[in-house]
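Beneath this line is the structure, given in structure tokens, with notes to follow.
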Amino acid sequence: MKTSRALALAIVPIAATLACGSATTAANGASGGIAGDTTATVASTGTGAGRESAAPAAATGTPTGNAAAASGNPVAKPGEPAPPTSTKPVTVSRNPAKRPTVTGVRFARHAGFDRVVIDLAGPTTGYSVGWTDALTYDASGEPVGLTGGAYLQVRLTPAAAHDSAGNATWKGPRKVAANLPNVRHIVNNGDFEGVVSVGLVLARKAGFRVLAQSGPSRIVIDVAH
């Protein structure tokens, strides 16, 4: 059995808006973009295939109008999806010919929801996203040690966060403070036996949705405020 491998993250500057496309997989085309996909980047081995450029603006985007400017809340962009409402767990099974590796994670505040993007090198893989009473590290079972109002556990399978030589492909600290309205922390809490685990520490339980995107491959989790 493999031992659990430390995944990691290193915070880099806030990123500008990605090339926009449809919010659904069917309409993505070659770009694989997500409408309004403005993200802060937390990765050390790549930032969405060079789609982002550093910008001094906050990850929430630029509010328009006096009311938005006064409140500091982002305004929904044309084509951006509404906040998710379902709290039901989601599971999608896939069996890619080659196991992808996780290369980093990004996050951003949007109008009505927070977005977390897990970047992959290789094909899109299967995933499960659901609620848990507490976050623990695979396979030790040790508690993550972060307190929140709710916890979402994301598991990607098959996937790895290390290369064939055992070197981590996701570098940096294991706990990242996102400090978004609902997503407070992102924790890489497992790289064990073909499963990569990413835990989201939330301020409160809320609706969420999961999108699998390609070109480049990534798993997107939106959590309502």
Side-chain angles (χ1 to χ4, degrees), residues 2 5 7-9 15 17-52 79-81 84 86 88-108 110 113-130 138 152-164 167-171 176 183 186-200 207-223:
K2 298 180 180 178
R5 299 176 185 274
L7 306 179
L9 311 159
T17 305
L18 295 176
C20 292
S22 170
T24 62
T25 302
N28 277 337
S31 69
I34 305 171
D37 195 1
T38 304
T39 55
T41 302
V42 185
S44 58
T45 58
T47 56
R51 286 171 168 248
E52 298 144 2
E80 186 167 83
S86 175
K88 295 181 179 180
V90 176
T91 299
V92 173
S93 297
R94 289 190 177 90
N95 188 26
K98 181 180 179 181
R99 184 175 67 180
T101 56
V102 177
T103 59
V105 66
R106 297 172 282 140
F107 55 88
H110 287 254
F113 63 93
D114 298 334
R115 172 163 288 168
V116 175
V117 181
I118 303 173
D119 289 316
L120 304 171
T124 303
T125 192
Y127 55 83
S128 65
V129 183
D138 302 340
L152 269 179
Q153 181 65 71
V154 181
R155 287 195 166 91
L156 309 181
T157 181
H162 60 276
D163 60 23
S164 59
N167 301 309
T169 56
W170 187 1
K171 304 180 184 300
V176 174
V183 178
I186 303 169
V187 183
N188 63 59
N189 61 321
D191 177 15
F192 184 67
E193 295 188 337
V195 179
V196 173
S197 300
V198 179
L200 307 185
F208 71 91
R209 63 173 160 252
V210 187
L211 303 170
Q213 303 289 325
S214 59
S217 298
R218 58 208 187 275
I219 303 297
V220 179
I221 305 100
D222 290 341
V223 183

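Hydrogens, waters and symmetry mates are skipped; everything else that's a heavy atom, side chains included, is used. Remember, it's a predicted structure, so these values are computed and weren't measured experimentally. Numbering starts at 1 and runs along the sequence shown.
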Please give me the minimum heavy-atom distance between Gln153 and Ser197, naming the atom from each residue.
NE2-CB, 3.5 Å
Take Val154 and Ile221, measure what side-chain contact (heavy atoms from CB on, under 4.5 Å) needs, and give me the verdict at the end.
CA-CA 9 Å; Val154 181; Ile221 305 100; 4.2 Å; yes
Any donor-acceptor pair under 3.5 Å linking the side chain of Asp138 with the backbone of Phe192?
no
Please report the closest heavy-atom contact between Phe208 and Lys88, naming both atoms and the distance.
CZ-O, 3.2 Å
Side chain to side chain contact (heavy atoms under 4.5 Å, CB included) partners of Ser128, counting only residues at least two apart
Thr91, Arg155
Heavy-atom side-chain proximity of Leu152 to Val183 below 4.5 angstrom
no
Can you name the residues that form a side chain to side chain contact (heavy atoms under 4.5 Å, CB included) with Pro158, not counting sequence neighbours?
Pro96, Arg99, Thr125
Scanning both residues in full, the closest heavy-atom pair of Lys98 with Pro123 reads O-CG, 3.1 Å
Beyond-backbone contact of Val102 with Leu120, side-chain heavy atoms, under 4.5 angstrom
yes
Do the side chains of Ile219 and Thr124 get nearer than 4.5 Å, heavy atoms only?
yes
CD1 of Ile186 to CG of Leu200, rounded to nearest 0.5 Å, is 6.0 Å
Least distance between heavy atoms, Thr169 atom then Ala160 atom:
OG1-O, 4.4 Å
Just how far is it from atom OG1 of Thr157 to atom CZ of Arg94, taken to the nearest 0.5 Å?
12.0 Å
All heavy atoms of Pro81 vs all of Arg115, minimum pair found to be CG-NH2, 4.1 Å
Non-hydrogen atoms of Gly130 and Pro89 that approach each other most closely
CA-CB, 4.2 Å
